[in-house]
2 protein chains.
Amino acid sequence: MSEHTAPTKERILEAAGEIFGQRGFKDATIRAIAQAAEVNIAAINYHFRDKEGLYGAVLEEVFHIGFTRFPATLGLDTNIDPEQRLRAFIRAMFFRLLSREGWGGIAGRGRLIARELLAPSPAFEAVLDRYIKPHKDLLVTIIIEIMGVNPGPEKLMSCAISIIGQCIYYAMASPVIRKISTDNAPTEENLDRLAEFVWLFSLGGIAKIKDATLSPVKETV
Amino acid sequence: MSEHTAPTKERILEAAGEIFGQRGFKDATIRAIAQAAEVNIAAINYHFRDKEGLYGAVLEEVFHIGFTRFPATLGLDTNIDPEQRLRAFIRAMFFRLLSREGWGGIAGRGRLIARELLAPSPAFEAVLDRYIKPHKDLLVTIIIEIMGVNPGPEKLMSCAISIIGQCIYYAMASPVIRKISTDNAPTEENLDRLAEFVWLFSLGGIAKIKDATLSPVKETV
DNA sequence: AGGAAAATAAAACATTTGTTTGAAACTGGC
DNA sequence: GCCAGTTTCAAACAAATGTTTTATTTTCCT
């Protein structure tokens with residue numbers, strides 16, 4: 001086995017990330033992963049105990065790499081204006097989720113995260129506390145600064161969901177998006193433009209929510 | 001079998017929608033569906049040929065019911081102002097996707113649609129042409145009217161994706177959202193408020209995009 | 001060099017699962 | 001009342017799949 005560059009355990013993680021992302025937990029078979037990693041089937045159980053153990057290891061590794069390579073604060077100082085920090089936050093999400101350098105877009109691991117949101121696995125709980133909650137808190141902080149006022153936790157959370165939802169929808173629905181509009185498919189060369197759009201759209205949304213909070217109007221319908 | 005209210009075929013469709021939505025195609029077993037429908041396993045193959053045939057029938061029925069009971073134009077006239085039509089459009093999406101009357105929220109069929117976006121099945125192609133594309137076209141029409149100008153197909157599509165993405169994200173990520181914030185979980189009693197928020201946020205987003213289109217600014221970073 | 005521990009390999013096992021089969025029960029028309 | 005067609009049922013089948021077993025090879029410390 002000295003013909004391989006990476007050791008067995010890493011090759012398994014690599015192949016498993018790809019195949020779990022493409023097919024989902026149930027549809028991904030140990031045999032397919034073993035074949036892709038050029039590894040004996042039993043090696044998977046040896047290194048990761050069972051299929052679920054392997055999945056947990058993949059999930060942890062995927063999040064770690066993604067948030068390490070594309071931190072939400074993309075090298076920006078805290079004293080830079082909050083609009084630009086939101087811009088960096090959104091760009092980081094797009095590139096983390098969809099770029100080849102990140103979770104690999106369509107064919108790759110971005111969809112593994114989408115699957116977790118849809119149906120969290122037992123291994124997701126840890127990832128939620130370690131990565132997602134702090135990530136959300138950072139976004140909320142940025143939104144407060146942009147608004148200049150604090151509209152309360154409920155509206156803040158709604159804003160955060162609207163922003164994150166736009167980003168993740170691109171990763172999640174990319175198969176369908178590219179069937180409807182190639183211009184807006186989240187391909188490598190479109191990521192910059194799409195991130196810029198979502199940033200502007202979200203700035204407008206935040207401004208509108210601020211207005212509505214400061215001067216609530218009675219409904220007419 | 002005369003003790004059942006609905007005929008076998010309908011009971012199977014009913015149970016299959018529930019279970020496919022909860023577990024996904026692969027993870028849902030014929031046996032679980034048969035048991036839930038109180039039907040013999042072979043009855044499924046008899047009425048729907050095979051598992052894939054059943055899934056196709058479920059998908060078609062789910063979309064038909066959803067768009068029939070919650071049309072995107074929710075009884076509004078075309079000459080009403082476009083902001084209110086957007087409001088109706090978004091409300092319809094929320095209630096179609098998440099209400100008990102619609103695709104049944106968390107435990108139900110809303111997630112079946114989310115799964116299709118993530119990994120379209122062969123049966124999805126037909127649904128795409130019949131329901132989703134016209135639905136998108138309607139939204140684009142509304143956005144044009146709100147803007148008062150036509151920013152071009154690319155920006156229009158981006159707006160549509162941002163709006164639809166927010167709605168679908170609630171349906172898709174509801175398991176995680178409710179773990180982070182119960183106030184913003186898309187439960188029956190929250191739907192009105194969430195739809196209202198997404199509407200406002202989107203109005204702000206559209207306005208901002210219109211501004212940026214009319215007076216583009218050079219980037220400073 | 002020797003030997004214990006770690007790693008890899010091939011084969012077999014036990015379950016799960018979609019599908020088929022052939023018989024039984026039911027339905028509606030004559 | 002009876003029969004052809006339809007529907008339901010229990011059992012069996014065949015394929016796929018996660019896991020275990022046992023043997024062999026490799027690694028690494030003394």
Side-chain angles (χ1 to χ4, degrees), chain A residues 1-61 112 115-116 119-124, chain B residues 1-61 112 115-116 119-124:
Chain A
M1 73 273 355
S2 56
E3 52 188 300
H4 294 117
T5 72
T8 304
K9 198 167 176 180
E10 289 177 26
R11 290 211 313 283
I12 295 175
L13 273 178
E14 172 78 17
E18 184 83 15
I19 293 182
F20 276 134
Q22 285 174 353
R23 311 191 194 173
F25 180 79
K26 185 82 175 198
D27 216 349
T29 68
I30 291 288
R31 282 173 175 78
I33 293 170
Q35 187 175 359
E38 301 186 70
V39 150
N40 189 276
I41 308 174
I44 294 178
N45 296 77
Y46 176 75
H47 284 286
F48 299 97
R49 187 184 151 92
D50 56 12
K51 190 183 179 183
E52 215 171 316
L54 171 60
Y55 184 80
V58 166
L59 200 63
E60 171 59 37
E61 196 223 15
L112 194 140
R115 287 180 202 280
E116 278 297 326
S121 69
F124 189 64
Chain B
M1 74 264 11
S2 54
E3 52 187 303
H4 294 117
T5 72
T8 304
K9 198 167 176 179
E10 289 176 25
R11 290 212 312 284
I12 295 175
L13 273 178
E14 173 78 16
E18 185 83 15
I19 293 182
F20 276 134
Q22 286 174 351
R23 312 192 193 174
F25 180 79
K26 185 82 176 198
D27 216 348
T29 69
I30 291 289
R31 281 172 176 80
I33 293 171
Q35 187 175 0
E38 301 186 69
V39 151
N40 187 277
I41 307 175
I44 293 177
N45 296 75
Y46 176 77
H47 285 286
F48 299 97
R49 187 185 152 91
D50 55 14
K51 189 182 179 184
E52 215 171 317
L54 171 61
Y55 185 80
V58 166
L59 200 64
E60 171 59 36
E61 196 223 15
L112 194 140
R115 286 179 202 280
E116 279 296 328
S121 71
F124 189 64

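Predicted, not measured: the structure shown is a model, and the values here were computed from it. Side-chain atoms are counted along with the backbone in the values below, which use heavy atoms only and exclude waters and symmetry mates. First the proteins, then the strands, lettered A, B, ... as listed; each starts at 1.
OP1 or OP2 of D:dA10 has at least one side-chain nitrogen or oxygen of B:Asn40 nearer than 4.0 Å. Between C:dT8 and A:His47, a contact under 4.0 Å exists linking OP1 or OP2 to a side-chain N or O. At C:dA7, none of the side-chain N or O atoms of A:Thr8 fall inside 4.0 Å of OP1 or OP2 (strictly under the cut-off).
Residues A:Phe20 and A:Leu54 are in side-chain contact: their nearest non-hydrogen atoms beyond the backbone lie under 4.5 Å apart.
To the nearest angstrom, C1' of D:dT17 lies 15 Å from CG of A:Leu54. When rounded to the nearest whole Å, the span between CD1 of B:Ile19 and P of C:dG18 equals 11 Å. In this structure, CZ of A:Arg49 is placed 13 Å from C1' of D:dT20, rounded to the nearest angstrom. Going from atom CD1 of A:Ile30 over to atom P of D:dT20 covers 11 Å, rounded to whole Å. Note: CG (B:Asn45) to P (C:dT21) measures 11 Å, nearest angstrom. Between the OH atom of B:Tyr55 and the C1' atom of C:dG18 there is a distance of 17 Å, given to the nearest Å. A straight line from CD of A:Gln35 to P of C:dA10 spans 13 Å, rounded to a whole angstrom. Summarising the geometry, the separation between CD1 on A:Ile44 and C1' on C:dA10 is reported as 15 Å, rounded to the nearest angstrom.
A donor-acceptor distance shorter than 3.5 angstrom exists from the side chain of B:Arg115 to the backbone of B:Gly21, with no hydrogens or angles considered.
Residue A:Tyr46 places its side chain closer to C:dT8 than to any other of C:dT17, D:dT6, C:dT8. The side chain of B:Arg31 lies closest to C:dT17, out of C:dT20, D:dT19, C:dT17.
Among the atoms of the strands shown, base atoms are found under 4.0 Å from some heavy atom of B:Ile41. Among the protein residues, A:Ala34 comes within range of no part of the nucleic acid, since none of its heavy atoms lies under 4.0 Å from any strand. Among the heavy atoms of the strands lying under 4.0 Å from B:Ala28 are primed sugar atoms or P, OP1, OP2 only; no base atom is included.
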Please assess A:Phe25 against A:Lys51 for the test side-chain contact (heavy atoms from CB on, under 4.5 Å), listing each intermediate value before the final yes or no.
CA-CA 9 Å; A:Phe25 180 79; A:Lys51 190 183 179 183; 3.9 Å; yes
side-chain contact (heavy atoms from CB on, under 4.5 Å) between B:Leu112 and B:Tyr55, worked out
CA-CA 10 Å; B:Leu112 194 140; B:Tyr55 185 80; 4.0 Å; yes
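Figure legend: B:Lys9 and B:Phe48 shown as a cation-pi pair, the cationic atom lying under 6.0 angstrom from the six-membered ring centre and within 45 degrees of its axis.
Nearest-nucleotide positions on DNA chain C place B:Lys51 closer to the 5' end than the other of B:Lys51 and B:Ala42.
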